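Worksheet: one structure, shown below.
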Amino acid sequence: MPPRFKVEYFEAVFVFPKSEYFFHNQYSIIFVVWLLNFFFIFLSENILHTPIEYLKGVGPQRAELLRKELEISTYEDLLNHFPFRYFDRTVFTRIDTINDTTEYVQLSGKVVNVTEEGEGRKKRISATLYDETGRINLVWFQSLAWVKKNIEEYGHYVVFGKVSSFNGSYSITHPEVESFVRANAIAGMQPVYSSTARLTAMGLSNRSFAKITQALFQKIKAADITEILPFDILQQNALMDRYHALVQIHFPENEQRMQQARYRLKWEELFLMQMQIANLRLQHTVQAGYTFDKVGDFFNRFYNECLPFALTNAQKRVLREIRIDTATGKQMNRLLQGDVGSGKTIVATMSMLLALDNGFQACLMAPTEILARQHYQSITEILNTLHIPVAILTGTVKGKERKAILAGLADGTTPIVVGTHAIIEDSVRFRNLGLGVIDEQHKFGVGQRARLWSKNDKAPHVLVMTATPIPRTLAMTLYGDLDISVIDELPPRRQIIKTLHRSDNHRAQVMGFLKNEIEKGRQVYIVYPLIDESEKMDYESLLAGYEQVKSWFPEGKYKIGMVHGKQDPDERKRNMERFVKGDAHILVATTVIEVGVNVPNASVMLIESAERFGLSQLHQLRGRVGRGADQSYCVLLTGSGISKESYERMRVMVSTADGFVIAEKDLEMRGPGDVYGTKQSGILKLKIADLIKDTPILEACRHAALQLIDQDPQLLLPQHQLLKYTLEQKGGKEQWNKIS
Ligand code: ADP
Ligand code: MG
């Protein structure tokens, strides 16, 4: 910044009362606009940040569930919960066209045979809906009083819901029902929102979502939703303004307006992402880095004395790339791609030793506590004979222990720390952090990388690792600021794992197969979906599953262990160790075992309710077997009436072991309506844009972002203040205040 700026800026602010100068000075005007902007931000923030429970029709109980199931906790979150499609209230599916691949339908017909069945908690109401072509069952387990009061025999209704099939006949559980007359009164396109079984049971189905969203729009005004994209960009790209885009995406006047709204919101999402990337790139082209010019004792002793196997050529090549890169005096930003089991950990560890050899500290950051602890364990083991102190820092490390670790990092006596994002918290200071490794990059945002940089006055070298291979062109756009290394070779003597998909009906056969393998001396994993460790329902199904396994495999003859995230860490460790040592035949587990576990004698991975996992996760789980010399198997057990998408995921798993192919499929198949899918398998959390289908928008955004950064690198111009504020909220302030 030229010094002139500072003086005039100062005068403009402080000489204000006695000087006309203020209004005739361009910087004063910038300042005023800037102040006004903030005033604006604070005003508008208040209402959008209101907790969702205060919205009409929500209340505390539903609010709690909305937060847990869909991460919606404020008005703003609800605004951003976009419909995944729309339906026309005048178009109906004929009942005789429903088949096994049908998902959501809107039917029109008459209701008969409304009957109450069962006793107590098992009570339910069933009914039959018929049109000119056929009939279908309707079932309710909840809100029975409402059903009894509102559904009349022979009444004409519009019914909306998800079709399921059972014993060859079709039914809809908890359909949304509206009288034909009323339904016809509402014209236009109706939004369809993704919901979950539990939300629907609580009365928050698609249609009630529309109702609460409508209530929200009655509370907020156009001025509450401020434009964040600069005016030029809006104009040049013919984008709808933000307020109207939000209105039109929820309640479109017509198809065309809806498309315009979606286009604008995709643009916004991808543009913000590209701005962050463009900024990162700018920063490290101007940043000097530490020079790692020697390969010293730690690295060499490890290589000669501790390495338990020969490195693959790919590992050697990547290590060489890292060594060259860190020796240049420029700051390294490298993405390391390598399929599950390709041996990234050892590369990370040796890179950290390189930092130590040059007198620097190093850290390794993982996305979850469990992953961090597994890394910690394997790294302390690998480094055992070198006597290097390694610390672990996660959210659960507190009090005295935490204090001691922070002290060790600050004074440099602890050279290596492994942990979660707790490492990048402001309170953590390093004496001289030379290298930061980030595992599973896709679970961290771009902003985290920037925070790591700001740990020193000079940014440390950064190595990000991912097991999710990304097509190269996409990687260029997504990680445009990173250099890329690839481990394209698995350690030797790995077998192709045979993958089978079986439905529940074949359970007995599958269990027989497991017994066979155990008789041959092998061990077996049985994995249950536990999407969220805090979920009671999933937890109960895990325990029920455990009991079931015990009934197939009687205790006298078989030893069964169980591990899950709710166990106390010591117990989990003991159970895990029993399995590792071969003292248990079967390990019943959740995705806790997704990463890091290595039991070469385990030859079967049985995945229960496999339809509930995303592709990447299935691939990761499968990677737990096939680590020894024996033929290994992965069995995907699903229900018999799974959706088309789930079936396709199973098909992909059976047909390929190539992590690349799976990653591409995963990207391609992620749909915004598939809540579980997006939660688990998203390479990046995008709300509306699709990285594959929206490549043209992505390109345009990249271009616009580079141009903007070129024109106003620090986003100081008044017209960029709201954009800057939004980016800071997203990615942390550090990123945007760094260069000066
Ligand atoms: P990922 O890339 O999935 O993180 P890991 O680093 O966990 O893979 O390595 C998977 C397994 O392969 C580990 O047990 C590791 O010890 C082993 N491994 C890594 N490199 C080699 C190698 N060059 N030769 C043999 N085994 C190796
Ligand atoms: Mg790993």
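Both counts, for ligands and for their atoms, begin at 1 and track the order of listing. From a predicted model like this one, the values you see are computed outputs, not experimental measurements.
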Pairwise salt bridge (Lys or Arg N to Asp or Glu O under 4.0 Å) hits with a residue in residues 300-312, at least two apart: Arg301-Glu305
Would you check if there is a donor-acceptor pair between the side chains of Asp339 and His619 at a distance under 3.5 Å? yes
Enumerate the atoms of ligand 1 whose separation from the nearest heavy atom of Thr345 is less than 4.0 angstrom. 4 (O), 5 (P), 6 (O), 7 (O)
Is any side-chain N of the basic residue among Arg317 and Asp488 closer than 4.0 Å to the acidic one's carboxylate O? yes
Asp339: numbered ligand 1 atoms lying under 4.0 Å from its heavy atoms: 2 (O)
Give a yes/no on ligand 1: does Val347 have at least one heavy atom closer than 4.0 angstrom to it? no
Pro308 contact mode with ligand 1 (heavy-atom cut-off under 4.0 Å): neither
Answer side chain, backbone, both or neither: which part of Ile487 comes under 4.0 Å from ligand 1, heavy atoms only. neither
Side-chain donor-acceptor pair under 3.5 Å between Ser378 and Glu381, yes or no? no
Let me check something: any side-chain donor-acceptor pairs from residues 513-521 under 3.5 Å, sequence neighbours excluded? List them with distances.
unit_1 : atom_1 : unit_2 : atom_2 : d
Lys515 : NZ     : Trp552 : O      : 3.1
Glu517 : OE1    : Ser603 : OG     : 2.8
Glu517 : OE2    : Lys520 : NZ     : 2.9

Say whether Ser342 and ligand 1 are in contact under the criterion: heavy-atom distance to a ligand atom below 4.0 Å. yes
So the atoms of ligand 1 within less than 4.0 Å of a heavy atom of Thr312 turn out to be 23 (N)
Is the closest basic N to carboxylate O distance between Glu321 and Lys316 below 4.0 Å? no
As an exercise, identify every atom of ligand 1 less than 4.0 angstrom from a heavy atom of Gln315. 19 (C), 20 (N), 22 (C), 23 (N)
Is there a salt bridge (charged side-chain N to carboxylate O under 4.0 Å, His left out) between Arg522 and Asp630 once you walk through the steps? CA-CA 9 Å; Arg522 313 277 140 71; Asp630 308 310; 3.1 Å; yes
Element-labelled atoms of ligand 1 that are located less than 4.0 Å from some non-hydrogen atom of Ala310: 22 (C), 23 (N), 24 (N)
If you measure every N or O of Leu311 against every N or O of ligand 1, does any of those distances drop under 3.5 Å? no
Electrostatic pair Glu577:Arg574 at N-O distance under 4.0 angstrom: no
At under 4.0 Å between heavy atoms, which part of Met465 makes contact with ligand 1: side chain, backbone, both or neither? neither
